[in-house]
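When a ligand or atom number is given, it counts from 1 through the structure's own listing order. Position 1 is the first residue of the sequence; numbering continues from there.
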Amino acid sequence: MSGRHATGETVREFEKRLAAFVKTKGAAAENSGTAALHTALLALGVKEGGEVIMPSFVCTAVLNAVNYTAAKPVIADINEDDFNISYESVSKKITKKTKAIIIPHMFGLPTDIKPFLMLGPPIIEDCAQALGARHRNGRPAGSQGSISIFSFYATKLISTGHGGMLASSSSRLLERARDLLDFDNRKSYKVRFNYKMTDFQAGLGISQLAMLEGFIKRRKAIAAYYDERFKNLPVVLPHGENHIYHRYVVRVNKPAAPFIRMLVKGGIEAKRGVFKPLHRYLGLAASDFPATEKIFKETLSIPIYPALKEKEKKTVADTFIDITGRMR
Ligand SMILES: *Cc1c(COP(=O)(O)O)cnc(C)c1O
């Protein structure tokens with residue numbers, strides 16, 4: 001460590017390494033993924049009067065970041081097969097006021113953003129759940145949007161406790177983001193943000209980033225085990241191709257709530273894909289989000305993380321198979 005407790009050389013080194021890893025020109029470390037998303041929006045000039053499109057099937061952190069800017073959040077539906085934002089839905093919601101489209105790669109499965117790039121507005125790739133994943137063309141997730149953001153929260157692919165990063169290949173956008181973060185000792189005043197990462201966190205991030213490939217290998221091995229154990233069950237398993245399994249989200253083809261209750265009772269940490277879809281929080285008509293509604297109701301995730309022990313993964317699979325049999 002550099003001996004400096006605040007933002008110093010270690011943070012700069014972590015930024016360099018992450019940018020090299022995701023193949024962008026540069027990166028700016030922050031204290032959360034939400035902060036990185038807020039800064040990304042501001043760097044793109046998003047403000048009151050503008051609109052920002054995002055999927056309904058995502059955590060409220062994304063909605064929060066847009067609301068910090070006072071722009072209008074516009075909620076899009078998702079695809080039933082990969083749980084990612086729907087191109088068809090987004091293309092219907094674009095207006096002259098659309099200033100950005102936030103595309104999260106949900107649960108570790110990158111969505112093909114090429115068609116979205118043709119729509120016009122800048123794309124923010126939300127890679128909070130997809131650090132280390134690759135697009136079908138082999139490019140790293142986070143290398144194709146105008147800006148990408150990452151989270152290093154405790155449950156994410158690598159962790160610094162709390163933490164985040166913004167990455168871009170546009171020097172102009174990187175400069176604007178850094179200007180917003182560098183609030184001290186400036187000649188002229190404007191509102192800037194104390195979103196900095198500490199050297200302590202960056203040190204942790206650097207060592208975690210070096211272990212990421214191993215973490216992902218382990219996640220894929222557990223997913224392959226689940227895939228094999230569950231192949232004859234009447235459920236839809238997550239996509240294999242390009243998936244790094246930040247979460248293992250299964251579609252049970254009936255209401256997931258009783259499955260989740262029984263799994264939790266059996267000591268398995270089963271969860272909804274998201275706590276509640278954004279359109280429900282905002283009181284928007286459920287009929288406008290048919291795929292999100294269906295997927296929210298019929299999916300659940302079961303534990304998948306590098307430290308999961310062999311015995312534990314077997315218990316998870318046995319319990320899930322047993323409950324699925326009883327729910328038939
Ligand atoms: C976790 C997450 C965020 C927010 O990151 P924090 O570090 O928790 O602020 C944003 N988007 C997605 C898709 C996430 O999973």
Side-chain angles (χ1 to χ4, degrees), residues 11 14-15 18 22 27-42 46 52-69 73 75-76 78-79 82-86 90 100-111 113 116 123-133 141-142 145 147-167 177 181 193-198 201-202 204-205 208-209 219 238 243-249 271-279 281 292 295-296 299 301 304-305:
V11 167
F14 185 28
E15 289 172 339
L18 188 115
V22 299
E30 307 198 31
N31 56 17
S32 75
T34 307
L37 195 49
H38 182 203
T39 313
L41 291 163
L42 294 177
V46 172
V52 178
I53 302 178
M54 73 195 78
S56 181
F57 201 59
V58 74
C59 53
T60 52
V62 177
L63 180 61
N64 284 337
V66 172
N67 280 330
Y68 295 166
T69 70
I75 314 299
I78 59 167
N79 304 314
D82 63 8
F83 313 154
N84 278 320
I85 192 166
S86 149
V90 170
I101 305 169
I102 301 172
I103 303 193
H105 303 302
M106 290 305 287
F107 311 125
L109 179 65
T111 195
I113 68 164
F116 293 94
I123 303 295
I124 300 175
E125 272 189 84
D126 180 341
C127 303
Q129 306 187 2
L131 176 62
I147 303 193
S148 54
I149 69 102
F150 301 85
S151 167
F152 313 125
Y153 176 62
T155 61
K156 303 298 163 93
L157 289 142
I158 65 171
S159 169
T160 60
H162 280 288
M165 190 96 73
L166 163 166
L181 301 172
F193 301 88
N194 189 356
Y195 280 168
K196 287 178 204 236
M197 178 181 277
T198 65
Q201 291 170 301
L204 201 51
Q208 291 258 302
L209 188 61
R219 288 177 180 278
H243 209 315
I244 59 166
Y245 301 99
H246 172 249
R247 311 258 308 265
Y248 190 90
V249 181
K271 279 186 181 161
R272 298 266 191 197
V274 303
F275 187 78
K276 194 200 267 208
L278 298 185
H279 74 266
Y281 279 115
T292 303
I295 295 307
F296 175 65
T299 58
S301 73
I304 190 163
Y305 47 86

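In summary, the atoms of ligand 1 found under 4.0 Å from a heavy atom of S32, numbered by their order in the structure, are 7 (O), 9 (O). Near D126, with a cut-off below 4.0 Å to any heavy atom, the atoms of ligand 1 are 10 (C), 11 (N), 12 (C), 13 (C). Close approach to V62 involves these atoms of ligand 1, each under 4.0 Å from a residue heavy atom: 11 (N). For ligand 1, the atoms sitting less than 4.0 Å from at least one non-hydrogen atom of G33 are 5 (O), 6 (P), 7 (O), 9 (O), numbered in the order shown with element in parentheses. Atom numbering of ligand 1 starts at 1 in the shown order; those under 4.0 Å from a heavy atom of T34 are 4 (C), 5 (O), 6 (P), 9 (O).
For G163, the closest heavy-atom approach to ligand 1 falls below 4.0 Å. Ligand 1 lies nowhere less than 4.0 angstrom from a heavy atom belonging to G164. Using a 4.0 Å cutoff on heavy atoms, H162 does not count as a contact of ligand 1.
With E125 contributing its side chain and S148 its backbone, the two residues share no donor-acceptor pair below 3.5 Å. Side chain of Q129 to main chain of M106: no donor-acceptor pair is present (N/O by atom type, distance under 3.5 Å, no hydrogens or angles). For the pair H246 (side chain) and T155 (backbone), a donor-acceptor distance under 3.5 Å is present.
When non-hydrogen atoms are compared, ligand 1 lies under 4.0 Å from the side chain of A61 (C-beta onward) but not from its backbone. Contacts between L37 and ligand 1 below 4.0 angstrom, taking non-hydrogen atoms only, are absent altogether.
Every N/O-N/O distance between Y153 and ligand 1 stays at or above 3.5 Å. Polar contact with ligand 1: absent for C59 (N/O pair, distance under 3.5 Å).
With values rounded to the nearest 0.5 angstrom, I113 atom CD1 is found 11.5 Å from I85 atom CD1. Interatomic distance, L181 CG to E30 CD, rounded to the nearest 0.5 Å: 4.5 Å. In this structure, CD1 on I103 lies 9.5 Å from CD1 on I53, to the nearest 0.5 angstrom. For the atom pair CD1 (I78) and CZ (F83), the distance works out to 7.0 Å, reported to the nearest 0.5 Å.
Within 6.0 Å of OH in Y153 there are 12 or fewer heavy atoms belonging to other residues, nucleotides or ligands.
Ring orientation note: the planes of F14 and F152 are tilted relative to one another, at an angle of 30° to 60°.
When the heavy atoms of M165, Q129, K156 are ranked by distance to atom 3 (C) of ligand 1, first place goes to K156.
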